[in-house]
Amino acid sequence: MPGGRLTLQDRRQIATGLAEGLGYGEIARALGRPTSTVTREIGRNGGPSGYRAERAQQATAQRSRRSRTAPAPRRTVPAPGGVDRDPTAVGEFADQLAELLVHVGMPRMAARVLGCLYVTDGGSLTSGDLAQRLQVSPAAVSKAIGYLEGQALVHRERDDRQRRERYVIGTDIWYRALLASAERNAMLAGITRRGAELLGPATPAGARMDDASALLERIGQDIVRSVRQWYEERGPVPS
(Lines give C-alpha, C1' and ligand atoms only; values in the text may rest on other atoms or scores of the structure.)
Protein backbone atom coordinates (compact mmCIF):
# COMPACT_ATOMS: atom_id res chain seq x y z
CA MET A 1 0.00 0.00 0.00
CA PRO A 2 1.26 3.55 -0.78
CA GLY A 3 1.07 4.52 2.90
CA GLY A 4 2.75 1.38 4.27
CA ARG A 5 6.37 0.78 5.16
CA LEU A 6 8.83 -0.20 2.47
CA THR A 7 9.65 -3.90 2.47
CA LEU A 8 12.98 -5.53 1.66
CA GLN A 9 11.54 -6.49 -1.74
CA ASP A 10 10.60 -2.83 -2.34
CA ARG A 11 14.13 -1.78 -1.47
CA ARG A 12 15.60 -4.39 -3.80
CA GLN A 13 13.40 -3.02 -6.57
CA ILE A 14 14.67 0.49 -5.81
CA ALA A 15 18.28 -0.72 -5.99
CA THR A 16 17.56 -2.46 -9.32
CA GLY A 17 15.95 0.69 -10.71
CA LEU A 18 18.96 2.81 -9.72
CA ALA A 19 21.33 0.29 -11.30
CA GLU A 20 19.31 0.50 -14.53
CA GLY A 21 19.52 4.30 -14.51
CA LEU A 22 15.83 4.92 -13.82
CA GLY A 23 14.70 8.20 -12.31
CA TYR A 24 13.12 8.44 -8.88
CA GLY A 25 9.70 9.04 -10.41
CA GLU A 26 9.90 5.91 -12.58
CA ILE A 27 10.94 3.80 -9.61
CA ALA A 28 8.13 5.24 -7.50
CA ARG A 29 5.52 4.49 -10.17
CA ALA A 30 6.72 0.90 -10.45
CA LEU A 31 6.33 0.54 -6.67
CA GLY A 32 3.04 2.39 -6.54
CA ARG A 33 4.53 4.89 -4.09
CA PRO A 34 4.88 8.69 -4.01
CA THR A 35 8.11 9.98 -5.51
CA SER A 36 8.86 11.73 -2.20
CA THR A 37 8.94 8.35 -0.45
CA VAL A 38 11.56 7.02 -2.85
CA THR A 39 13.54 10.28 -2.68
CA ARG A 40 13.69 10.14 1.14
CA GLU A 41 14.56 6.44 1.13
CA ILE A 42 17.50 6.89 -1.23
CA GLY A 43 18.67 10.14 0.34
CA ARG A 44 18.90 8.72 3.87
CA ASN A 45 20.54 5.45 2.77
CA GLY A 46 23.65 6.34 0.80
CA GLY A 47 22.27 8.30 -2.14
CA PRO A 48 21.84 7.01 -5.71
CA SER A 49 25.40 5.68 -5.99
CA GLY A 50 25.65 4.13 -2.50
CA TYR A 51 22.16 2.70 -1.99
CA ARG A 52 22.05 -0.97 -0.96
CA ALA A 53 18.74 -2.70 -0.22
CA GLU A 54 19.88 -4.93 2.66
CA ARG A 55 21.81 -2.12 4.31
CA ALA A 56 18.83 0.23 4.00
CA GLN A 57 16.56 -2.42 5.55
CA GLN A 58 18.92 -2.83 8.51
CA ALA A 59 19.27 0.92 9.00
CA THR A 60 15.49 1.36 8.99
CA ALA A 61 15.09 -1.38 11.61
CA GLN A 62 17.71 0.28 13.80
CA ARG A 63 16.03 3.68 13.49
CA SER A 64 12.71 2.09 14.38
CA ARG A 65 14.16 0.52 17.53
CA ARG A 66 15.75 3.81 18.60
CA SER A 67 12.50 5.70 18.06
CA ARG A 68 10.61 3.25 20.27
CA THR A 69 13.11 3.44 23.11
CA ALA A 70 13.99 7.14 23.04
CA PRO A 71 11.92 9.29 20.71
CA ALA A 72 13.99 12.30 19.72
CA PRO A 73 12.44 15.73 19.36
CA ARG A 74 12.33 17.08 15.83
CA ARG A 75 15.39 19.27 15.40
CA THR A 76 14.87 22.69 13.88
CA VAL A 77 17.14 25.59 13.07
CA PRO A 78 16.20 29.28 13.15
CA ALA A 79 15.88 31.09 9.83
CA PRO A 80 15.26 34.75 8.89
CA GLY A 81 11.81 35.93 9.88
CA GLY A 82 11.67 33.75 12.97
CA VAL A 83 10.87 30.58 11.01
CA ASP A 84 12.06 27.25 12.42
CA ARG A 85 13.11 24.74 9.79
CA ASP A 86 13.68 21.01 9.89
CA PRO A 87 17.07 20.50 8.16
CA THR A 88 16.10 16.97 7.10
CA ALA A 89 12.92 18.18 5.42
CA VAL A 90 14.82 21.00 3.68
CA GLY A 91 17.41 18.51 2.42
CA GLU A 92 14.70 16.19 1.13
CA PHE A 93 13.04 19.07 -0.70
CA ALA A 94 16.38 20.01 -2.31
CA ASP A 95 16.73 16.38 -3.46
CA GLN A 96 13.23 16.42 -4.95
CA LEU A 97 13.94 19.68 -6.77
CA ALA A 98 17.18 18.24 -8.14
CA GLU A 99 15.41 15.11 -9.33
CA LEU A 100 12.86 17.20 -11.21
CA LEU A 101 15.66 19.18 -12.86
CA VAL A 102 17.26 15.88 -13.93
CA HIS A 103 13.97 14.83 -15.52
CA VAL A 104 13.92 18.00 -17.65
CA GLY A 105 17.44 17.35 -18.91
CA MET A 106 19.95 18.81 -16.43
CA PRO A 107 22.98 16.66 -15.48
CA ARG A 108 22.43 15.09 -12.06
CA MET A 109 25.36 16.70 -10.22
CA ALA A 110 24.56 20.13 -11.65
CA ALA A 111 20.95 19.66 -10.53
CA ARG A 112 22.06 18.70 -7.01
CA VAL A 113 24.34 21.75 -6.75
CA LEU A 114 21.61 24.05 -8.04
CA GLY A 115 19.06 22.58 -5.63
CA CYS A 116 21.48 22.97 -2.72
CA LEU A 117 22.15 26.61 -3.59
CA TYR A 118 18.50 27.38 -4.17
CA VAL A 119 17.36 26.44 -0.64
CA THR A 120 20.00 28.57 1.11
CA ASP A 121 18.84 31.99 2.27
CA GLY A 122 22.11 33.61 1.23
CA GLY A 123 21.98 31.99 -2.20
CA SER A 124 25.73 31.36 -2.14
CA LEU A 125 28.12 28.65 -0.96
CA THR A 126 31.80 27.83 -1.36
CA SER A 127 33.10 24.73 -3.10
CA GLY A 128 33.88 23.24 0.32
CA ASP A 129 30.37 23.99 1.57
CA LEU A 130 28.82 22.25 -1.43
CA ALA A 131 31.17 19.26 -1.24
CA GLN A 132 30.36 18.79 2.45
CA ARG A 133 26.60 19.17 2.09
CA LEU A 134 26.34 16.91 -0.95
CA GLN A 135 29.02 14.44 0.22
CA VAL A 136 30.87 14.62 -3.10
CA SER A 137 34.38 15.58 -4.21
CA PRO A 138 35.41 19.20 -4.95
CA ALA A 139 36.16 18.05 -8.52
CA ALA A 140 32.52 16.97 -8.97
CA VAL A 141 31.37 20.35 -7.64
CA SER A 142 33.73 22.18 -10.00
CA LYS A 143 32.42 20.31 -13.04
CA ALA A 144 28.82 21.01 -12.05
CA ILE A 145 29.56 24.69 -11.48
CA GLY A 146 31.15 24.88 -14.94
CA TYR A 147 27.93 23.61 -16.48
CA LEU A 148 25.74 25.98 -14.44
CA GLU A 149 27.94 28.96 -15.32
CA GLY A 150 27.60 28.06 -19.00
CA GLN A 151 23.82 28.21 -18.58
CA ALA A 152 24.09 31.59 -16.78
CA LEU A 153 22.40 30.06 -13.72
CA VAL A 154 25.32 30.60 -11.31
CA HIS A 155 28.18 33.10 -11.10
CA ARG A 156 31.31 33.43 -8.97
CA GLU A 157 32.08 36.08 -6.40
CA ARG A 158 35.33 36.58 -4.51
CA ASP A 159 34.98 36.35 -0.73
CA ASP A 160 37.95 38.40 0.49
CA ARG A 161 37.29 37.54 4.15
CA GLN A 162 37.65 33.81 3.55
CA ARG A 163 40.03 34.23 0.59
CA ARG A 164 38.02 31.89 -1.57
CA GLU A 165 35.36 32.01 -4.24
CA ARG A 166 31.67 31.71 -3.55
CA TYR A 167 29.18 30.36 -6.06
CA VAL A 168 26.08 32.53 -6.20
CA ILE A 169 22.61 31.81 -7.53
CA GLY A 170 20.88 34.92 -8.86
CA THR A 171 17.34 36.04 -8.14
CA ASP A 172 16.73 35.95 -11.90
CA ILE A 173 17.52 32.24 -12.30
CA TRP A 174 14.13 31.26 -13.73
CA TYR A 175 14.08 34.33 -15.97
CA ARG A 176 17.32 33.21 -17.57
CA ALA A 177 16.27 29.56 -17.73
CA LEU A 178 12.99 30.36 -19.44
CA LEU A 179 14.65 32.71 -21.94
CA ALA A 180 17.15 29.95 -22.73
CA SER A 181 14.19 27.62 -23.33
CA ALA A 182 12.63 30.20 -25.67
CA GLU A 183 15.94 30.46 -27.54
CA ARG A 184 16.04 26.68 -28.00
CA ASN A 185 12.46 26.77 -29.30
CA ALA A 186 13.45 29.47 -31.78
CA MET A 187 16.34 27.32 -33.05
CA LEU A 188 14.04 24.31 -33.44
CA ALA A 189 11.46 26.47 -35.19
CA GLY A 190 14.12 27.64 -37.64
CA ILE A 191 15.38 24.18 -38.56
CA THR A 192 11.88 22.73 -38.93
CA ARG A 193 10.96 25.70 -41.15
CA ARG A 194 13.92 24.90 -43.39
CA GLY A 195 12.80 21.27 -43.38
CA ALA A 196 9.33 22.29 -44.54
CA GLU A 197 10.82 24.33 -47.38
CA LEU A 198 13.10 21.46 -48.38
CA LEU A 199 10.38 18.78 -48.30
CA GLY A 200 7.67 21.00 -49.71
CA PRO A 201 4.79 22.28 -47.56
CA ALA A 202 2.26 20.48 -49.77
CA THR A 203 3.70 17.05 -48.90
CA PRO A 204 2.78 15.18 -45.69
CA ALA A 205 6.35 15.38 -44.38
CA GLY A 206 6.64 19.05 -45.28
CA ALA A 207 3.28 19.87 -43.68
CA ARG A 208 4.39 18.08 -40.50
CA MET A 209 7.54 20.21 -40.39
CA ASP A 210 5.57 23.38 -41.12
CA ASP A 211 3.15 22.72 -38.24
CA ALA A 212 6.04 22.01 -35.87
CA SER A 213 7.78 25.22 -36.86
CA ALA A 214 4.67 27.33 -36.28
CA LEU A 215 4.00 25.73 -32.89
CA LEU A 216 7.59 26.07 -31.64
CA GLU A 217 7.79 29.69 -32.77
CA ARG A 218 4.49 30.53 -31.07
CA ILE A 219 5.50 28.84 -27.80
CA GLY A 220 8.85 30.65 -27.77
CA GLN A 221 7.17 34.01 -28.31
CA ASP A 222 4.62 33.29 -25.58
CA ILE A 223 7.39 32.37 -23.11
CA VAL A 224 9.31 35.59 -23.75
CA ARG A 225 6.18 37.73 -23.52
CA SER A 226 4.95 36.09 -20.31
CA VAL A 227 8.34 36.25 -18.58
CA ARG A 228 8.91 39.90 -19.43
CA GLN A 229 5.38 40.81 -18.36
CA TRP A 230 5.90 39.01 -15.04
CA TYR A 231 9.08 40.92 -14.24
CA GLU A 232 7.67 44.24 -15.42
CA GLU A 233 4.78 43.80 -12.98
CA ARG A 234 7.08 42.82 -10.07
CA GLY A 235 10.08 45.01 -10.76
CA PRO A 236 12.85 45.77 -13.25
CA VAL A 237 13.51 43.18 -15.93
CA PRO A 238 16.96 41.59 -15.29
CA SER A 239 19.62 42.82 -17.68
Side-chain angles (χ1 to χ4, degrees), residues 17-30 35 38-39 48-49 94-119 123 130 134 136 139-156 167-239:
L18 290 172
E20 293 175 352
L22 300 181
Y24 291 6
E26 294 173 280
I27 296 172
R29 285 192 292 274
T35 302
V38 173
T39 300
S49 61
D95 289 341
Q96 292 170 22
L97 175 59
E99 187 61 27
L100 179 59
L101 293 172
V102 170
H103 278 299
V104 299
M106 184 175 289
R108 185 172 296 279
M109 185 52 62
R112 293 186 68 200
V113 168
L114 191 62
C116 189
L117 283 168
Y118 204 70
V119 299
L130 287 164
L134 298 174
V136 297
V141 170
S142 179
K143 184 176 180 181
I145 288 294
Y147 172 87
L148 294 170
E149 283 184 310
Q151 301 296 312
L153 298 175
V154 169
H155 65 274
R156 300 171 189 246
Y167 305 123
V168 183
I169 187 171
T171 57
D172 60 349
I173 175 176
W174 299 117
Y175 173 85
R176 295 184 182 278
L178 287 168
L179 287 190
S181 174
E183 185 177 350
R184 288 192 294 271
N185 279 348
M187 294 171 62
L188 288 170
I191 195 168
T192 50
R193 188 183 308 112
R194 290 197 295 274
E197 294 168 355
L198 175 65
L199 296 167
T203 67
R208 192 180 307 122
M209 288 283 183
D210 193 50
D211 285 345
S213 175
L215 175 62
L216 289 164
E217 186 173 12
R218 173 66 177 273
I219 290 173
Q221 291 172 349
D222 286 347
I223 289 174
V224 172
R225 182 167 53 252
S226 297
V227 170
R228 290 191 178 277
Q229 181 179 353
W230 169 263
Y231 275 95
E232 286 169 358
E233 290 173 355
R234 292 175 62 89
V237 177
S239 58

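These figures come from a predicted structure and were not determined experimentally.
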(request) With sequence neighbours left out, write down each residue that passes side chain to side chain donor-acceptor pair (under 3.5 Å) with R225, or none if nothing qualifies. (result) D222
(message) If you compare all heavy atoms of A111 against all heavy atoms of V102, which two are closest, and at what distance to 0.1 Å?
(response) CB-CG2, 3.8 Å
Mind listing the side-chain donor-acceptor pairs of residues 194-203 below 3.5 Å, one per line with the distance, residues two or more places apart or on another chain?
unit_1: T203; atom_1: OG1; unit_2: L199; atom_2: O; d: 3.1
unit_1: T203; atom_1: OG1; unit_2: G200; atom_2: O; d: 2.7
unit_1: T203; atom_1: OG1; unit_2: G206; atom_2: N; d: 3.0

(message) Return the CZ to CG distance between R184 and L216, rounded to the nearest 0.5 Å.
(response) 12.0 Å
(request) Quick one: pull up CG in L100 and OH in Y24 and give me the separation to the nearest 0.5 Å. (result) 13.0 Å
(request) Go through R29 and V38 one step at a time and tell me if the side chain to side chain contact (heavy atoms under 4.5 Å, CB included) criterion holds. (result) CA-CA 10 Å; R29 285 192 292 274; V38 173; over 6 Å; no
(message) Under a 3.5 Å distance rule, please check whether E217 uses its side chain to pair with a backbone N or O of A214 as donor and acceptor.
(response) no
(request) Please examine the side chains of R228 and V224, heavy atoms only from C-beta on, and report whether any two atoms are closer than 4.5 Å. (result) yes
(message) side chain to side chain contact (heavy atoms under 4.5 Å, CB included) for M109 and V136? Distances and angles first, verdict last.
(response) CA-CA 9 Å; M109 185 52 62; V136 297; 3.5 Å; yes
Under 3.5 Å, which donor-acceptor pairs link side chains of residues 141-152 to any protein atom two or more places apart or in another chain?
unit_1: E149; atom_1: OE1; unit_2: R156; atom_2: NE; d: 3.2
unit_1: E149; atom_1: OE1; unit_2: R156; atom_2: NH2; d: 3.2
unit_1: E149; atom_1: OE2; unit_2: R156; atom_2: NE; d: 2.7

(request) Specify the closest pair of heavy atoms between N185 and G220, including all atoms of both residues, with the distance to one decimal. (result) ND2-N, 4.0 Å
(message) Quick check for you: to the nearest 0.5 Å, what is the distance between L101 atom CG and Y118 atom OH?
(response) 10.0 Å
(message) Using the salt bridge (charged side-chain N to carboxylate O under 4.0 Å, His left out) criterion, which residues pair with E183? Sequence neighbours excluded.
(response) none
(message) For the CD1 atom of I27 and the CG atom of L18, what is their distance to the nearest 0.5 Å?
(response) 4.0 Å
(message) Between V154 and L117, is there a side-chain heavy-atom distance shorter than 4.5 Å?
(response) yes
(request) Identify the heavy atoms of A182 and I223 that sit nearest to each other, and give their distance. (result) CB-CG2, 4.1 Å
(message) Once side-chain contact (heavy atoms from CB on, under 4.5 Å) is applied, do any residues pair with S213, and if so which ones, sequence neighbours excluded?
(response) A189, T192, R193
(message) So, using side chain to side chain donor-acceptor pair (under 3.5 Å) as the criterion, who are the partners of R108 when residues are at least two apart?
(response) E99
(message) Rounded to the nearest 0.5 Å, what separates atom CD1 in I191 from atom CE in M209?
(response) 8.0 Å
(request) Would you name the heavy atoms of M106 and L114 that are closest together and state the gap between them? (result) CE-CD2, 3.8 Å
(message) Quick check: do L215 and I219 have side-chain heavy atoms less than 4.5 Å from each other?
(response) yes
